[in-house]
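Below is one structure, written out as structure tokens; comments come after it.
Note that the structure is a prediction, hence the values are computed from the model and not measured.
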Amino acid sequence: MTNTKTGTYRPSASLIIAAKEDSLEDYDYRLLLIKRTEGTSYALNHCVFPGGVFDPKEDQSAKWITFFKSFGVTDEQLKMSIHNQDSPRPEFLSGGDHFSKDIALRLTALRETFEEVGILICTDQDHLQKWDSKSGHPRTLLLEPSERSEWQHRVHNDASQFLELFRHHKVIPNIWALLEFSIWRTAATANRKYDTVYYITMLDDCTKNINLLLESHEVASSHWMSPTEAWSSSQKGIIWLPFMLLYDIARLMNLCSLKELLNFSRQRSYKGSTMVQPVYYRCDDCMFGVLPGDELYPKEPGACTQTIVLSGSVDTIHQKTKQYNRYIVYDFHKVVLASNVPPRDGHLPLHPLVSNKLAKL
């Protein structure tokens, strides 16, 4: 990632990948998490979903439209990759030079996923022609290109090579398989600021059959985990999850089957997503982040460029709180989630096992 001016938010996209897992446990799927290396410029040593920064030149190049149309993709089919969402669209997802930013950021998520873990999520002309556009999306193919390591290196160094990769193998990015899950803006107190759209996709493949190729400079390791495993591993200090991911994983814990996850994500994506920006408070014994709906959430979260200091202990503050949507950070691994606010945009609430009542803390 290159440097940016202080105060500006860089558009980015991440991909939540869920794949089948033959298991007798509660979940029949696993989520792919990658651990960032110490050499990365952002979220070093954290476990995150694959993703990265939008490339304005390549991810919204007019060449993509020409390429899609060479496969017979119509304007109507391109529009079907996005929905007429109910909620207002954030500025970074609005407009677009040659096509919708919603499509361009899907390409960002797919490109970064290939760069980081070597998964090429695509479809071909045959599956495109068989696609019944009234239900679902064209079937996803996971292509392992010949000379995959070489292609990964080329795409990593030059984003324009991502289109060349598809051209060479006569497949197209399966932008229809990506469903919008959530949109987060980093806190105004952060040094590096991002607007990130999280997409989710469900794979028919079992995790054991998915051959990852990790990009060694950015990715230290990969982990297939159920939502509950990810949550508990973070709380035990086995992995280190950013707070925004913890919140989304706590929502995903409600869905135990891949089919449930697909149906929910497909239906919810029509509602769009309200962009969420945490605001941080510090009290005598900890820090906590508040989210929309919390009674301490300010009208202008972007103006809160400094952590707000409150006197007293967190318990004293909680005793006076009636409406809350927050995460309380005692240390990097002891993070408590608490919300009694109805979720926005038809989203999932926090799972009851991890959503605490402030009066009981």
Look only at the side chain of [X] and the backbone of [Y], and say whether a donor-acceptor pair between them is shorter than 3.5 Å.
| X | Y | answer |
| --- | --- | --- |
| S269 | E180 | no |
| T108 | A104 | yes |
| R10 | K193 | no |
| S265 | L261 | yes |
| N325 | P292 | yes |
| R148 | G118 | yes |
| S234 | A230 | no |
| Q323 | G293 | yes |
| E215 | E115 | no |
| E218 | R36 | no |

Can you confirm if the NZ or CZ of R185 lies within 45° of the ring axis of Y9 and under 6.0 Å from the centre of its six-membered ring?
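Satisfied, under 6.0 Å and within 45°.
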
Determine whether [X] and [Y] fall in the same hydrophobic cluster, where Ile, Leu, Val, Met, Phe, Trp and Tyr are linked whenever their side-chain heavy atoms lie under 4.5 Å apart.
| X | Y | value |
| --- | --- | --- |
| V336 | Y281 | yes |
| V341 | Y297 | no |
| W131 | L262 | yes |
| V276 | L337 | yes |
| I121 | L213 | no |

Identified side-chain contact (heavy atoms from CB on, under 4.5 Å) counterpart of T140 within the set D205, D204, L178, N174:
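That would be N174; it is the only one of D205, D204, L178, N174 passing the side-chain contact (heavy atoms from CB on, under 4.5 Å) with T140.
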
Sole candidate of D248, L245, D195 that passes side-chain contact (heavy atoms from CB on, under 4.5 Å) when paired with W184:
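When D248, L245, D195 are each tested with W184, the side-chain contact (heavy atoms from CB on, under 4.5 Å) holds only for D248.
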
Find the distance between [atom1] ([X]) and [atom2] ([Y]) and round it off to the nearest 0.5 Å.
| X | Y | atom1 | atom2 | answer |
| --- | --- | --- | --- | --- |
| Y27 | L258 | OH | CG | 13.0 Å |
| N254 | H351 | CG | NE2 | 5.5 Å |
| D315 | D285 | CG | CG | 6.5 Å |
| C283 | I317 | SG | CD1 | 4.0 Å |
| W231 | T228 | CH2 | OG1 | 10.5 Å |
| R106 | D102 | CZ | CG | 5.5 Å |

Do the rings of H168 and W151 sit parallel, tilted or perpendicular, given the 30° and 60° boundaries?
tilted

Measure up the F166 and F67 rings against each other and bin them: parallel (under 30°), tilted (30 to 60°), perpendicular (over 60°).
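Correct class here is tilted.
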
[atom1]/[X]: more than 12 non-hydrogen atoms of other groups inside 6.0 Å:
| X | atom1 | answer |
| --- | --- | --- |
| E260 | CD | yes |
| H153 | NE2 | no |
| R139 | CZ | no |

Residues S273 and S182: side-chain donor-acceptor under 3.5 angstrom
no

Do you know the tightest heavy-atom contact between [X] and [Y]?
| X | Y | answer |
| --- | --- | --- |
| F99 | D59 | CZ-O, 3.4 Å |
| I175 | F68 | CD1-CZ, 4.1 Å |
| W176 | V73 | CZ2-CG1, 3.9 Å |
| L348 | R251 | O-CD, 3.1 Å |
| A177 | T201 | O-OG1, 2.9 Å |
| L296 | L310 | CD1-CD1, 4.3 Å |

Audit row: H223, S221, side chain to side chain donor-acceptor pair (under 3.5 Å) steps and yes/no:
CA-CA 7 Å; H223 309 269; S221 58; 2.9 Å; yes

For residues F181 and H347, establish whether the separation of their ring centroids is below 6.0 Å.
yes

Contact check, side chains of Q277 and P301, non-hydrogen atoms, under 4.5 Å
yes

SB check K130 D126 (cutoff 4.0 Å):
yes

What's the verdict on salt bridge (charged side-chain N to carboxylate O under 4.0 Å, His left out) for D28 and K259, showing C-alpha distance, side-chain angles and the deciding distance?
CA-CA 9 Å; D28 69 359; K259 185 177 180 180; over 6 Å; no

